[in-house]
Each structure stands twice: as structure tokens, then as C-alpha cells.
K.L.:
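What follows is a single structure, and I will ask about it in a moment.
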Amino acid sequence: MSSADEILDVVDEGDRVLGQAPRGRVYAEGLRHRCVFVQVRDAEGRLFVHRRTSTKLVFPSLYDMFVGGVVGAGEAYDDAALREAEEELGVSGLPEPEFLFKFLYEDGAGHGWWSAVYEVRCELPVSPQVAEVAWHAFLPETEVERRLPEWEWVPDGLAAYERLKAHRSGA
């Protein structure tokens, strides 16, 4: 089964399930669905940053400071966060990611998805999926901040990062 055939829950503005559809149709028609964003830090507190492969269906070749992806039909956000983090990092036995908050991301073109933001510490050696990750590194947050205006970032990840900074500052 290709990723375009994966079945996702289609949800409304209140994150209530309306039905299911294949990922390819969800993307093509801009149907609202669910995603998870997991910020990963290593033992030194550095952030996992990566560049997506050019073959990704959404935001190919852009940088991201989260791992994650879509929540499958009937899957809980928490389960998807752990599954996606382990898959993208190429690890098993990762601690349960901690849920921080959820928001409705809207891209300005009439498309949107519910986005659950998590964080987790990964002290395991990572081996990211080559089909998902073209480049990766653990960077100090000061370096990530310095790169924000220089690198082209996935817009939903950037929105999640800005909301996470506000969340941590109590704003």
C-alpha cells in the first residue's frame, strides 16, 4: 500500500470525525485531518532537525524541527506520536512523547489539519528513514533560531514551533 492509499479520519473544525478517506484524496481535496508534531531533543537538549526528501507528498525538500505525520483512521494522537517518532528516527523503545497542546493549522488556501504537539527526549542513536529524511542533525536551539530566516521550513512545523515557544513562555 502506498502512502497515498493510507486511510485517514476526516474531521470537522471541532476535531470530530466525519468519515474516512485515502490520504491522496484528503490532500487533493484539502479535507481536514489530524497530524502529530513531535519535538525531539537529545541528552544535551539539542533539537533534532531534518530536511525532508524530495519525494514527500507534502513539503518536499523543506527543513523541519519536528518529526511526525498524519494520524491514521481510528488511531489516537498519542499512539501516532510514538509511532511516527520511532519510524522517522529509526529507533524503538523511545519514551512516550509528552502531549503539550493541540491547534488547528490553516494554510491560508482553505486547507487545514488538527495538529497535536508533543516533545520527547531521545538518548538512543538515531537512524532516520532514508525515504523520509534527506539530512539530519541535533542542533542547539540557538542554531535553529539562527537558521529560521535562512532555511526554507515546512510552514506547519514553523507554526507549531512558534506556538510551542509561546506555550513555553506562558504567552
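Numbers for residues simply follow the sequence, beginning at 1.
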K.L.:
Check salt bridge (charged side-chain N to carboxylate O under 4.0 Å, His left out) between E98 and all other residues, then give those that pass, not counting sequence neighbours.
P.N.:
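So E98 forms no salt bridge (charged side-chain N to carboxylate O under 4.0 Å, His left out) with any residue.
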K.L.:
Honestly curious: do V67 and L164 fall in one hydrophobic cluster under the side-chain, below-4.5 Å linking rule?
P.N.:
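No, it is not one cluster - the side chains of V67 and L164 are not joined through contacts under 4.5 Å.
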K.L.:
Would you kindly confirm whether F103 and F66 end up in one hydrophobic cluster when ILVMFWY residues are joined by side chain heavy atoms under 4.5 Å apart?
P.N.:
yes
K.L.:
Quick one: name the residues clustered hydrophobically with V130, using the 4.5 Å side-chain heavy-atom rule over I, L, V, M, F, W, Y, and just say none if it's on its own.
P.N.:
none
K.L.:
Donor-acceptor pair, distance only, cut-off 3.5 Å: does the side chain of E84 make one with the backbone of V36?
P.N.:
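Looks like no, no N/O pair under 3.5 Å.
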K.L.:
Within the distance-only criterion (no hydrogens, no angle test), does the side chain of S115 pair as donor or acceptor with the backbone N or O of C35 below 3.5 angstrom?
P.N.:
no
K.L.:
Not counting sequence neighbours, which residues clear side chain to side chain contact (heavy atoms under 4.5 Å, CB included) with E143? List them please.
P.N.:
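Checked E143 against side chain to side chain contact (heavy atoms under 4.5 Å, CB included); matches are L139, P140, R146, R147.
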K.L.:
Whether the side chain of E88 engages the backbone of G68 through a donor-acceptor N/O pair (distance < 3.5 Å, no angle test) should be reported.
P.N.:
yes
K.L.:
Consider only side-chain heavy atoms of I, L, V, M, F, W and Y, link residues closer than 4.5 Å, and tell whether L148 and L62 are in one cluster.
P.N.:
yes
K.L.:
Under 3.5 Å, side chain of D9 to main-chain N/O of Q20, donor-acceptor pair present?
P.N.:
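Absent.
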K.L.:
Let me confirm one number: the CZ-CD distance from R23 to E6, rounded to the nearest 0.5 Å.
P.N.:
4.5 Å
K.L.:
Could you report the tightest heavy-atom contact between S92 and L124, atom names first, then the distance?
P.N.:
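Smallest heavy-atom distance, with atoms named: O-CD1, 3.5 Å.
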K.L.:
If you look at every heavy atom in Y105 and P155, which pair is closest and at what distance?
P.N.:
OH-CB, 3.4 Å
K.L.:
What verdict does the side chain to side chain contact (heavy atoms under 4.5 Å, CB included) test give for L8 and V71, after you've listed the backbone C-alpha separation in whole Å, the side-chain angles of each residue and the deciding distance to 0.1 Å?
P.N.:
CA-CA 7 Å; L8 308 181; V71 178; over 6 Å; no
K.L.:
Taking V154 as the starting point, is it possible to reach Y161 by hopping between hydrophobic residues whose side chains are less than 4.5 Å apart?
P.N.:
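Looking at the clustering, V154 is in the same group as Y161.
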K.L.:
With rounding to the nearest 0.5 angstrom, report the CD to CZ distance, E152 to R52.
P.N.:
12.0 Å
K.L.:
Does a side-chain N-to-carboxylate-O contact under 4.0 Å join R168 and E119?
P.N.:
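A salt bridge is present here (some side-chain N lies under 4.0 Å from a carboxylate O).
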K.L.:
List for me each residue that meets side-chain hydrogen bond (donor to acceptor under 3.5 Å, both in side chains) alongside E132, sequence neighbours excluded, and say none if there are none.
P.N.:
K56
K.L.:
Atom CD of residue position E162 - does it have more than 12 heavy atoms of other residues, nucleotides or ligands inside 6.0 Å?
P.N.:
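Yes.
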K.L.:
Roughly how far, to the nearest 0.5 Å, is CD of E141 from CD of Q39?
P.N.:
6.0 Å
K.L.:
If we ignore hydrogens and angles and just use 3.5 Å, is the side chain of E145 paired with the main-chain N or O of T142 as donor and acceptor?
P.N.:
no
K.L.:
Among residues two or more places apart or on two chains, list those pairs meeting ring-ring contact (aromatic ring centres under 6.0 Å, His included) that have a residue in residues 115-135.
P.N.:
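Matches after skipping sequence neighbours: Y63-W135, F99-Y118, W135-W151.
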K.L.:
Applying salt bridge (charged side-chain N to carboxylate O under 4.0 Å, His left out), can you list everything that pairs with E87, at least two apart in sequence or on another chain?
P.N.:
R83
K.L.:
Give the ring-plane orientation class for H167 versus F101, where under 30° counts as parallel, over 60° as perpendicular and anything between as tilted.
P.N.:
tilted
K.L.:
For A21, enumerate each residue passing the side chain to side chain contact (heavy atoms under 4.5 Å, CB included) test, keeping only those at least two apart in sequence or located in another chain.
P.N.:
V10, R25, V26, L31
K.L.:
Once rounded to the nearest 0.5 Å, what's the spacing between atom CG of L94 and atom SG of C122?
P.N.:
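Here the rounded value is 5.0 Å.
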K.L.:
Measure the shortest side-chain to side-chain distance between D107 and D156 over non-hydrogen atoms and say whether it is less than 4.5 angstrom.
P.N.:
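When only atoms from C-beta onward are counted, D156 and D107 do not touch, as no gap falls below 4.5 Å.
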K.L.:
Taking only residues two or more places apart in sequence or in another chain, which ones pass side chain to side chain contact (heavy atoms under 4.5 Å, CB included) with S61?
P.N.:
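Expected list: R51, S54.
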K.L.:
Which pair of non-hydrogen atoms, one from A160 and one from V117, has the smallest distance, and what is that distance?
P.N.:
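Looking at all heavy atoms of both residues, the closest pair is CB-CG2, 4.1 Å.
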K.L.:
What residues, two or more places apart in sequence or in another chain, satisfy salt bridge (charged side-chain N to carboxylate O under 4.0 Å, His left out) together with D15?
P.N.:
R34, K102
K.L.:
So Y77 and W114, do their side chains get closer than 4.5 Å, heavy atoms only?
P.N.:
yes
K.L.:
In chain order, what residues pass the side chain to side chain contact (heavy atoms under 4.5 Å, CB included) check against P128, with sequence neighbours excluded?
P.N.:
F48, V126, V133, H136
K.L.:
Which residues pass the salt bridge (charged side-chain N to carboxylate O under 4.0 Å, His left out) test with E106, not counting sequence neighbours?
P.N.:
none
K.L.:
Is L89 reachable from V70 through a run of hydrophobic residues whose side-chain heavy atoms are each under 4.5 Å from the next?
P.N.:
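No; tracing contacts between hydrophobic side chains, which count when under 4.5 Å, never links both residues.
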K.L.:
According to the ring-ring contact (aromatic ring centres under 6.0 Å, His included) rule, which pairs have a member within residues 11-35, sequence neighbours left out?
P.N.:
Y27-H33, H33-W113
K.L.:
Any idea which heavy atoms bring A85 and V38 closest together, and the distance?
P.N.:
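Between these two residues, the closest heavy atoms are CB-CG1, 4.3 Å.
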K.L.:
So do the side chains of L47 and V40 get within less than 4.5 Å of each other, counting heavy atoms only?
P.N.:
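Sidechains of V40 and L47: no contact.
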K.L.:
Could you tell me if the side chain of V49 sits less than 4.5 Å from the side chain of D64, heavy atoms only?
P.N.:
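They are not in contact (no side-chain heavy atoms under 4.5 Å apart), so the answer is no.
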